[in-house]
Amino acid sequence: MQKQLKKAKAVAVRINGLPRDLTSIDSLEEGTLVEAITFDSEEGKEIYRHSTSHVMAHAVKNLFPEAKVAIGPAIEDGFYYDFDIGRTFTPEDIAAIEKEMEKLVRQNSPIVRKEMSKQEAADFFTEKGEPYKVELLAAIPDETVTVYEESGFVDLCRGPHLASTGRIAAFKLLSIAGAYWRGDEKNKMLQRIYGTSFNNPKDLKDYLNFLEEVKKRDHRKLGKELDLFSLSENVGGGLVLWHPMGALIRKTIEDFWRDEHQKNGYDFVYSPHVGRATLWETSGHLGFYKENMYSSMEVEGQEFYVKPMNCPFHIEIYKNRLRSYRDLPMRYAELGTVYRFERSGVLHGLLRVRGFTQDDAHIFVAPEGMEQEVIQVLGFVVRMLRTFGFEEFTAYIATKPEKAVGDDRMWEQATQALRIAADKAGLAYEMDEGGGAFYGPKIDIKIKDALGRLWQCSTVQFDFNEPERFDMNYIGVDNQQHRPYMIHRALLGSIERFFGMLVEHYAGAFPLWLSPVQVSVLTISERHADYARSLASALGARGVRVETDLDSEKIGNKIRKSTIRKIPYSVIIGDKEASENAVMLRRRNGENIGPFGVDELISFLLEKINSREVRT
RNA sequence: GCCCAUGUAGCUCAGUCGGCAGAGCACAUCCUUGGUAAGGAUGAGGUCACCAGUUCGAUUCUGGUCAUGGGCUCCA
């Protein structure tokens with residue numbers, strides 16, 4: 001069996017369904033079911049990286065005996081370990097720690113599991129001067145705990161672990177950051193070191209390359225390079241300035257969004273940016289959302305608040321007159337800009353801002369129409385996201401939490417509608433039991449980008465709270481008053497975040513239909529300027545976004561400038577083209593498509609633009 | 001908000017152990033009219049993030065503020 005496990009490159013085993021150390025098979029009875037856990041599984045990675053974090057802690061203790069160790073779990077893509085060292089780690093420290101870790105790995109010490117009573121362990125760690133471990137122990141309910149030892153370094157740990165330190169084939173320390181003890185800002189700030197490990201050097205290298213690629217695609221970097229947007233300290237943190245190039249992309253997204261909503265039965269509304277305090281009291285925002293709202297302003301003795309959400313306004317429009325079941329479902333859509341207070345430390349480019357535009361809509365629907373409506377919404381979501389070039393989605397359905405408004409029947413009915421709708425839309429989904437907001441169940445959709453990263457954009461949420469608070473009604477067939485169901489939904493989420501994600505997904509090279517400049521006209525020499533101008537106006541007249549480069553530069557220089565700006569197509573014109581009323585067409589990837597007549601060029605481009613072709 | 005780091009020309013970054021600051025790219029002008037990722041010359045650009053303090057003198061030292069980055073926490 002030892003051999004088999006070795007052959008399978010097991011990092012640990014599962015015995016009777018429970019993860020165990022490899023060494024634990026020595027004391028097994030005949031016939032026990034043993035499964036190998038390998039690095040390929042999530043569980044295997046976790047064990048592997050957890051062991052790496054122990055080795056890192058050992059290295060830190062070797063180099064800084066005064067350091068106190070806190071916790072060091074595996075996380076997605078790696079691990080971390082928190083230390084209390086009384087100062088910050090420097091990059092030099094990290095290099096030294098890596099070196100020390102290499103030494104420990106080379107020593108290939110066995111990692112040995114030991115059981116002790118809780119009291120023994122507490123005494124042991126107290127004596128060792130490890131108060132954090134003692135505190136952790138106090139929270140463990142069991143009487144017996146396990147510790148793991150490798151060449152003298154002992155750590156409290158449930159395990160399992162790799163059999164020996166030599167099994168760690170490739171690791172890298174990635175970053176240093178402050179982190180509160182147990183994630184609570186009232187506690188002491190510890191020093192956290194992040195790292196990752198893999199079971200072969202190539203995979204580590206691939207992962208590091210992935211991190212490089214992530215850096216290259218960073219929307220903040222590309223946003224600057226492509227002149228899409230900026231943030232100014234004179235304006236304030238988290239408040240976005242859209243430059244012409246970014247604004248053009250945004251407009252294209254919004255135009256498309258509006259057209260699709262119109263086709264899908266939505267009505268457009270507009271609402272103000274501020275509203276009276278009484279409105280927010282009625283909606284409940286001043287009760288449960290106040291910490292995210294900007295402080296009030298006083299106008300002629302009345303309090304006003306900047307809106308953090310659009311819903312109360314849409315509800316007011318609904319309530320402006322008596323509604324009949326014949327009016328339902330009503331779908332009010334608005335690209336509504338909202339402002340939410342975010343703590344300064346969490347702001348991040350376009351992905352986390354203080355002012356953003358939701359592609360919001362509120363749907364008011366009779367209970368009997370609710371399921372059909374949700375099915376339609378999810379289908380709409382998927383079609384919309386596909387157009388932007390996303391193919392893989394996962395949905396998360398969040399159900400009733402402990403504290404909630406609305407009766408169980410409503411929750412059950414709405415949750416069931418979400419399930420059915422997800423099935424019909426062909427969405428794989430996971431249940432997030434008890435994860436709903438207090439006012440209703442919801443379904444969030446995560447999309448996978450070009451690098452395989454997941455982003456949450458779309459959300460469809462039931463709201464049992466506001467129809468009640470605003471006393472919303474409609475007259476049914478029975479001539480009685482009924483309460484409508486209300487659904488909040490956003491497909492892109494926030495335009496800012498969606499845009500930031502698109503920049504990263506496409507690495508700034510947008511598909512033709514979204515590109516702010518679709519074609520650049522490059523002249524070989526100045527005598528082609530007139531032809532370039534007439535060509536540009538012919539393209540412009542057909543709605544193609546075009547620029548000319550008439551500089552007295554060589555063609556290589558103009559191609560370079562056009563390529564750096566990631567303009568999808570360049571047309572090159574010289575004597576030959578001018579005399580034949582033609583162009584030479586070139587893709588931004590360097591591919592030369594060949595000579596085109598002017599009309600041929602226009603129909604070639606329009607075909608791709610109008611079909612919103614993702615691949616350019 | 002908290003911890004740490006950072007803030008010098010439009011961008012990327014040097015530099016000043018306290019004595020009125022520099023490169024490359026971009027920009028402007030001129031020369032060049034060249035066929036697929038950088039032709040050449042010249043020039044203009046900075047209250048060294050902001051506000052105080054120490055000092056004969058602060059971009060440099062000290063304190064504060066703001067912003068940005070990496071985290072903690074939270075979310076669209």
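Hydrogens, waters and symmetry mates play no part in the numbers below; they use all other heavy atoms, side chains included. Fair warning: this is a prediction, and the values are worked out from it, not measured in the lab. Numbered from 1 within each chain, the chains take letters A, B, ... in sequence-line order.
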Could you tell me whether A:Val353 contacts a base, only the sugar-phosphate backbone, or nothing, with contacts defined as non-hydrogen atoms closer than 4.0 Å? base
If you look at every strand shown and take non-hydrogen atoms under 4.0 Å, does A:Gly237 touch a base, only sugar-phosphate, or nothing? sugar-phosphate
Pick one: which of A:Lys307, A:Met293, A:His273 meets side chain to side chain contact (heavy atoms under 4.5 Å, CB included) with A:Val338? A:Lys307
Taking the six-membered ring of A:Phe79 as reference, does the cationic atom of A:Arg49 (NZ for Lys, CZ for Arg) lie under 6.0 Å from its centre and within 45° of its axis? no
Using a 4.0 Å heavy-atom cut-off across all strands, classify A:Arg192 as base, sugar-phosphate, or nothing. sugar-phosphate
At under 4.0 Å between heavy atoms, what does A:Arg527 touch on the DNA or RNA strands: base, sugar-phosphate, or nothing? sugar-phosphate
Using a 4.0 Å heavy-atom cut-off, does A:Gly556 contact any base of the nucleic acid, only the sugar-phosphate backbone, or nothing at all? sugar-phosphate
When we call it a touch if two heavy atoms are under 4.0 Å apart, what does A:Asn592 touch: a base, just sugar-phosphate, or nothing? base
Using a heavy-atom cut-off of under 4.0 Å over every strand shown, decide if A:Glu342 touches base, sugar-phosphate, or nothing. base
Reckon A:Lys561 touches a base, only the sugar-phosphate, or nothing at all at heavy-atom distances under 4.0 Å? nothing
Select base, sugar-phosphate, or nothing to describe what A:Gly349 touches, counting heavy atoms under 4.0 Å on all strands. sugar-phosphate
Is there a donor-acceptor pair closer than 3.5 Å between any side-chain N or O of A:Asp218 and the backbone N or O of A:Arg220? yes
Has A:Glu342 got a side-chain atom pairing as donor or acceptor with A:Arg354's backbone, closer than 3.5 angstrom? no
Classify the ring geometry of A:Trp257 against A:Phe268: parallel below 30°, tilted from 30° to 60°, perpendicular beyond 60°. tilted
How are the rings of A:His285 and A:Phe288 set to each other: parallel, tilted or perpendicular (split at 30° and 60°)? tilted
Between B:rA26 and B:rC51 - P atom distance, rounded Å: 33 Å
On RNA chain B, reading 5' to 3', which nucleotide is the first and which the last to sit with an atom under 4.0 Å from a heavy atom of chain A, could you check? B:rG1 to B:rA76
